[in-house]
Amino acid sequence: QVQLVESGGGLVQAGGSLRLSCAASGRTFSSYVMGWFRQAPGQEREFVAAISRRGFTTNYVDSVKDRFAISRDNAKNTVYLQMNSLKPEDTDAYYCAARTIGTVSSDPDGYDYWGQGIQVTVSS
């Protein structure tokens, strides 16, 4: 069992930046593929980015490529999502997730543990 806690969300103007962090409990963080997803009320959860166990492989949804960057620090049990050039359409609740088996994936059903989510609001 792993617990995930997101931080770093908030309100920002369009064009601004935020850095989300997700801290994981336990001593096996480096064994998990980590992902970030987002979800608006009444909408399906959308893949944002994922990173492999050692950080060598990343994957992004097309709408955030060249603006967002996922990274991880296995010594700190933390995964990050640096979000630059934010747009109003990036407004959502953001969730981090851990995947125990397999490689980076954009399928939310492939992730086993989820954080509680954190709100990101981008004003125009």
Side-chain angles (χ1 to χ4, degrees):
Q1 187 80 11
V2 61
Q3 291 186 329
L4 304 173
V5 180
E6 301 98 338
S7 61
L11 174 65
V12 63
Q13 288 188 334
S17 298
L18 282 174
R19 188 196 197 198
L20 303 183
S21 299
C22 174
S25 64
R27 294 178 291 179
T28 59
F29 178 74
S30 61
S31 69
Y32 301 125
V33 169
M34 298 301 296
W36 285 97
F37 293 78
R38 61 189 181 186
Q39 186 173 24
Q43 302 294 317
E44 292 187 354
R45 196 158 291 188
E46 176 191 29
F47 170 74
V48 177
I51 188 167
S52 61
R53 292 170 179 82
R54 296 175 66 188
F56 294 150
T57 301
T58 59
N59 191 23
Y60 298 90
V61 67
D62 285 346
S63 60
V64 308
K65 283 180 179 177
D66 300 324
R67 297 190 299 123
F68 290 11
I70 188 172
S71 62
R72 66 189 297 161
D73 185 337
N74 286 344
K76 296 183 178 180
N77 284 11
T78 303
V79 62
Y80 305 97
L81 186 68
Q82 178 66 44
M83 305 186 293
N84 300 324
S85 302
L86 282 161
K87 304 176 181 180
E89 51 263 43
D90 294 318
T91 295
D92 266 326
Y94 283 71
Y95 298 84
C96 73
R99 175 179 168 92
T100 57
I101 298 174
T103 60
V104 293
S105 172
S106 60
D107 182 0
D109 291 337
Y111 288 78
D112 304 287
Y113 303 104
W114 291 85
Q116 81 286 353
I118 193 162
Q119 182 65 33
V120 171
T121 302
V122 184
S123 63
S124 58

- Message: Contact between V61 and S106 at the side-chain level, heavy atoms closer than 4.5 Å - yes or no?
- Response: no
- Query: Does G110 offer a backbone N or O that forms a donor-acceptor pair with the side chain of R99 under 3.5 Å?
  - Reply: yes
- Sub-3.5 Å donor-acceptor pair from the side chain of S25 to the main-chain atoms of Q3, do we have one? yes
- Donor-acceptor pair, side chain of Y111 and main chain of S105, under 3.5 angstrom: yes
- Exercise: identify the closest heavy-atom pair between Q43 and Q39: O-NE2, 2.9 Å
- Query: Looking at D90, T121, L18, which one forms a side-chain contact (heavy atoms from CB on, under 4.5 Å) with V12?
  - Reply: L18
- Query: Mind checking whether F29 and V79 have side chains closer than 4.5 Å, heavy atoms only?
  - Reply: yes
- Query: Would you say N74's side chain and R53's backbone share a donor-acceptor pair under 3.5 angstrom?
  - Reply: yes
- Note on the structure: Between V33 and G102 the two heavy atoms that sit nearest each other are CG2-O, 3.5 Å
- Heavy-atom donor-acceptor pair, N77 side chain to A23 backbone, under 3.5 Å: no
- Query: Given side chains that start at C-beta, do those of L86 and Q13 come closer than 4.5 Å, heavy atoms only?
  - Reply: no
- Could you give the distance from CZ (F47) to CG (N59), rounded to the nearest 0.5 Å? 4.5 Å
- Task: Could you tell me whether the side chain of R38 reaches within less than 4.5 Å of the side chain of V64, counting heavy atoms only?
- Result: yes
- Task: Indicate yes or no: at least one non-hydrogen side-chain atom of L81 is less than 4.5 angstrom from one of R19.
- Result: no
- Message: Minimum heavy-atom separation for T78 and S21, please, with both atom names.
- Response: CG2-CB, 4.2 Å
- Task: Enter the distance from N84:CG to F68:CZ here, rounded to the nearest 0.5 Å.
- Result: 8.5 Å
- Query: Hey, quick one: are M83 and Y80 part of the same hydrophobic cluster, counting side-chain heavy atoms closer than 4.5 Å, chains of contacts allowed?
  - Reply: no
- Query: Looking only at atom types and distance, does a side-chain atom of T58 sit under 3.5 Å from a main-chain N or O of I51, one as donor and one as acceptor?
  - Reply: no
- Query: Salt bridge check: are K65 and D62 linked by an N-O gap of less than 4.0 Å?
  - Reply: yes
- Message: Test your reading of the model: is there a side-chain donor-acceptor pair from R72 to the backbone of S52, 3.5 Å cut-off?
- Response: yes
- Message: Which heavy atom of S31 sits nearest to which heavy atom of T28, and what is that distance?
- Response: OG-O, 2.6 Å
- Nearest-0.5 Å distance that lies between atom CD in E89 and atom OG in S63: 8.5 Å
- Message: Between Y60 (side chain only) and I70 (backbone N and O only), is there a donor and an acceptor less than 3.5 Å apart?
- Response: yes
- Query: Is any side-chain heavy atom of M34 less than 4.5 Å from a side-chain heavy atom of L4?
  - Reply: yes
- Message: Using every non-hydrogen atom in the two residues, find where L20 and V120 come nearest and quote the distance to one decimal.
- Response: CD2-CG2, 4.0 Å
- Any Y94 side-chain heavy atom under 4.5 Å of E6 side chain: no
- Task: May I ask you to decide if S85's main-chain N or O and R67's side chain share a donor-acceptor pair within less than 3.5 Å?
- Result: yes
- Item | Inter-residue atom distance Q119.CD - L11.CG, 0.5 Å rounding | 10.0 Å
- Which heavy atom in W114 sits nearest to a heavy atom in P108, and how many Å separate them? CZ2-O, 3.4 Å
- Would you call T103 and T57 a side-chain contact if the rule is heavy atoms closer than 4.5 Å? no
